[in-house]
Structures are given as structure tokens and as C-alpha cells.
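Worth saying up front: this structure is predicted, and the values here are computed from it rather than measured. Ligands are counted one by one from 1 in listed order, and the atoms in each one are counted from 1 as well.
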Amino acid sequence: MSFKSDTLAERMEHAHHPIRKLYPLAEEIKKSGVEIYNANIGDPVPYLGTAKYIVKAYCKALKDGKASYSRSPGDFEFLDEIAKRYKRLYNLDINSSRIFATHGVSEALIFLIESLIEKGRGAVVFNPYYPLYASTLKLFGGTIVLSTLNEEEGWAPSKEDLEGKIKKAKDEGVDLKFILVTNPSNPTGSMCSRKDLEDVVEVAKNNDLLVVSDEIYDEMILVKEKMTCIGEVAKGVPHMIMNGLSKNWGATGFRIGWAIIPEEDEGSKKLREGVGNLATMRLSASTPAQIAGIEALRNVKAHQRFLRYMVRNIRERAEFMQKRLNEINGVSCQKAKGAFYLFPKIDLSRTKFKDDDEFCTELLRKEHVWVTKGSGFGLGNHLRSTALPPVEVLEKVAQGIENLMRA
Ligand SMILES: Cc1ncc(COP(=O)(O)O)c(C=O)c1O
């Protein structure tokens with residue numbers, strides 16, 4: 001008996017993450033002892049650390065023997081603290097029984113898609129998008145419908161484009177289930193205005209779609225504008241909010257987050273049932289991480305101190321990088337309003353490279369600069385750089401891009 005090479009299910013062709021594609025080459029370069037200037041992965045922890053008070057809470061939970069399973073939808077106290085957070089930040093009254101603890105937004109996303117999507121169904125995603133949306137939708141047989149964001153207008157969504165894409169997909173027989181917003185956005189660093197979100201909600205309502213908002217960066221706001229949570233503008237309209245500790249607390253490795261499905265319509269009730277059942281299948285979310293999460297949400301002062309430090313550093317780095325990138329001939333970059341990413345457009349016609357994939361590979365090989373290709377986020381002719389490394393490293397990243405643009 002042999003384990004056959006065709007063992008993997010066909011859907012596995014969609015199980016990948018473009019951000020990780022250049023890892024083997026980067027490892028090879030590192031092994032040869034050469035330093036890499038890394039602006040590839042959106043993990044704040046290596047650069048800015050984790051809020052100390054939640055590390056303490058996590059360790060204490062383990063010392064206190066809190067290492068068993070917890071209830072599948074989530075620890076009661078954790079869910080209550082999540083509900084209070086939404087009252088505090090957005091003046092929303094959320095019943096904690098509408099909240100699920102998840103292993104990050106990643107698991108919330110899987111629960112959502114697994115519950116609603118199968119062959120013949122689909123969802124609308126704004127382009128450029130966070131790559132796991134596309135992979136997960138396709139993994140479950142779904143169709144991804146892309147609505148174009150307007151780069152020149154700071155990556156704003158367009159109501160007309162959204163309506164047009166939905167009509168076209170429906171005409172083609174796709175049974176659409178939801179519209180997914182990322183606010184603030186990875187990869188663009190943009191933030192939706194209240195009006196943008198009201199438009200999305202109106203279109204969703206007119207088309208009987210759920211609105212889903214991935215708000216994992218909702219406290220990493222780099223400008224004076226106010227962040228709007230989808231819950232503020234979607235009252236009475238089916239919606240789902242996804243968030244977690246990964247970014248706002250610098251706790252990516254804790255793997256803890258939440259999904260909120262607050263409304264009382266039949267679809268929301270069914271979705272809660274689906275997500276609840278899926279949550280039982282993985283028994284529970286990490287118990288010590290949820291206990292750390294209680295402290296993360298309760299100790300508002302410590303959180304705000306940490307957040308001020310994070311945002312100050314990220315703002316300085318993002319502003320430096322945007323200015324520096326715009327100095328390069330053939331490169332233009334919008335201002336980041338939130339999160340910690342820049343998504344510059346590169347005019348490849350000035351270079352010898354046929355696409356952004358080739359450009360990024362050569363950038364790593366020749367300049368030892370590691371960024372991600374825009375096409376991994378659905379939009380070629382762009383690069384995604386994080387604004388996490390110190391300015392000296394970002395300067396090397398920008399210099400590498402400049403050298404390659406000139407070559
Ligand atoms: C937009 C977006 N959503 C979700 C995630 C993953 O979140 P989590 O760590 O909570 O699974 C990321 C990580 O980079 C992200 O950029």
C-alpha cells in the first residue's frame with residue numbers, strides 16, 4: 001500500500017497564503033549570513049512587543065491551573081467584557097449571548113464561511129483584499145465577487161461599483177450571502193468613512209445580504225478621524241463584527257478573538273446556530289488566552305498606555321515610509337489612516353519586470369528587501385510594505401525599491 005500523490009482533495013489547491021510564498025528564498029538568503037530588510041509580515045510583536053499586563057494575566061491563568069477546556073461559545077466573563085468594550089468605544093448595547101470567542105479573526109472567518117458558503121454561493125469582497133478571504137471562500141467552493149476600491153480617493157468603496165458587481169453576479173446565478181468590509185484595511189491602510197459604511201449597509205439591505213466587518217485594527221488609528229464600527233450604522237440590518245487581541249494588544253500568538261452577530265432577524269439567528277455548532281466541534285477556544293483577554297479588556301488604562309505607544313511608533317514609521325516611497329520615480333503611495341501597512345503603486349512599464357511577482361522576487365534576491373506582491377491581495381502593479389520596522393530599516397526597504405525601479 002502506498003499513500004498516493006492524488007490523496008489531497010481538489011479544494012486544497014486554494015489552501016495557501018501568498019504572504020508566505022517567498023519564505024524559502026528568504027531562508028536561503030538568511031542561511032548564507034546576509035541580513036534581510038523585512039517589511040513583509042503584519043506581526044507587530046517582534047517590533048513593538050506585547051502589552052505586559054496581558055502576558056502576566058496569561059501566565060497567572062496557567063499557574064492557577066486554568067488550562068482546561070472552556071465552554072464552546074466562550075468564557076462568560078470574557079464575552080461580558082467584549083460586550084462592555086463595544087459600549088465603551090461605540091456606545092453599542094450588545095447582548096453577550098450574541099458573541100463567540102474564536103481563535104482570532106481567522107477562525108471567525110472560517111466559521112462564517114463554513115456556515116454560509118458552498119458551491120453556487122458567493123460573497124462580495126472589496127479589492128484589494130486580505131488574502132485569506134479569497135482562499136477561504138474558494139476552499140469552501142464559493143465564488144468571490146470583487147468590488148473595486150478607488151485608489152485615488154484613498155481607497156474608498158464605490159456604491160455604484162458595488163451595486164453593479166452584485167447585479168452581475170446575481171444575473172450569473174451566484175447566490176450571494178454577504179459583503180465583507182475590512183476597516184481599517186490590510187493591505188491599503190485606509191479607513192472607511194461613516195458615509196462609506198452607510199452606503200455599504202444600504203446596498204446590503206437592498207440585496208438581502210449580511211454585512212461583515214473585519215475590524216482587527218479598529219484602535220490602530222493614525223489620523224484624527226473617528227473609526228466607525230459597523231454596528232453603529234447597521235442597527236436593524238443583519239451584520240457581523242470580527243475582532244480580537246492580535247493587533248490592538250500586540251498578541252498575535254495568543255490566537256484569541258471574537259465574532260459578534262447581534263441582530264434578531266431569522267438569518268442572524270441561523271448564523272449564530274451555525275457558528276455555535278462549529279464552535280462545539282473544536283470544543284473550546286484557548287482558555288488561558290480568554291482569561292488574558294478578560295484582563296486585556298478590563299484594564300482600560302493599561303491598554304490605552306500600550307496603544308498610545310504602539311500608535312505613536314507606527315504613525316511615525318508610516319509617515320516616513322509614505323513620504324519616502326513617493327520620492328521614488330514611478331512609485332505613488334496613499335496615506336495610511338489606520339493599521340500598519342502601505343500599498344504603493346509601482347509603474348512596472350519603467351522597469352524590466354513583467355509583473356509585481358517578478359519585481360518582489362528580484363527585490364528579495366538582489367536587494368535583500370522583503371515585501372509582498374500586490375497581486376497576492378488581488379491587485380497587481382502594487383507592493384505591500386508594513387510600517388512596523390524602525391525607520392532605518394524602512395529606509396533600506398525604500399532604497400531597495402528605488403534601486404530596482406532604476407535598474
Ligand atoms: C485584515 C486582517 N484580518 C484578520 C487577520 C488575522 O487576525 P487574527 O490574528 O485575529 O486571526 C489579519 C492578520 O494580518 C488581517 O490583516
### Message
Can a donor-acceptor pair be found, under 3.5 Å and without considering hydrogens, that links the side chain of Glu316 to the backbone of Arg312?
### Response
no

### Task
Would you tell me whether Lys366 and Asn403 have side-chain atoms, one donor and one acceptor, within less than 3.5 Å of each other?
no

Would you mind listing each N/O atom of ligand 1 next to any protein N/O under 3.5 Å, plus the distance?
unit_1	atom_1	unit_2	atom_2	d
ligand 1	3 (N)	Asp214	OD2	2.6
ligand 1	9 (O)	Ser246	OG	2.7
ligand 1	9 (O)	Arg255	NH1	2.8
ligand 1	10 (O)	Val105	N	2.7
ligand 1	10 (O)	Ser246	OG	3.4
ligand 1	11 (O)	Val105	N	3.3
ligand 1	11 (O)	Ser106	N	3.0
ligand 1	11 (O)	Ser106	OG	2.5
ligand 1	11 (O)	Arg255	NH2	2.8
ligand 1	14 (O)	Tyr217	OH	3.4
ligand 1	14 (O)	Lys247	NZ	2.8
ligand 1	16 (O)	Asn186	ND2	2.7
ligand 1	16 (O)	Tyr217	OH	2.6

### Task
For Glu263, enumerate each residue passing the side chain to side chain contact (heavy atoms under 4.5 Å, CB included) test, keeping only those at least two apart in sequence or located in another chain.
His239, Asp265, Ser268

### Query
Can you check whether Thr182's main-chain N or O pairs, donor with acceptor, with Ser185's side chain at less than 3.5 Å?
no

### Under 3.5 Å side-chain donor-acceptor pair for Asp196 and Ser193
yes

### Message
Please tell me whether Tyr53 and Trp249 form a close aromatic pair, meaning their ring centres lie under 6.0 Å apart.
### Response
no

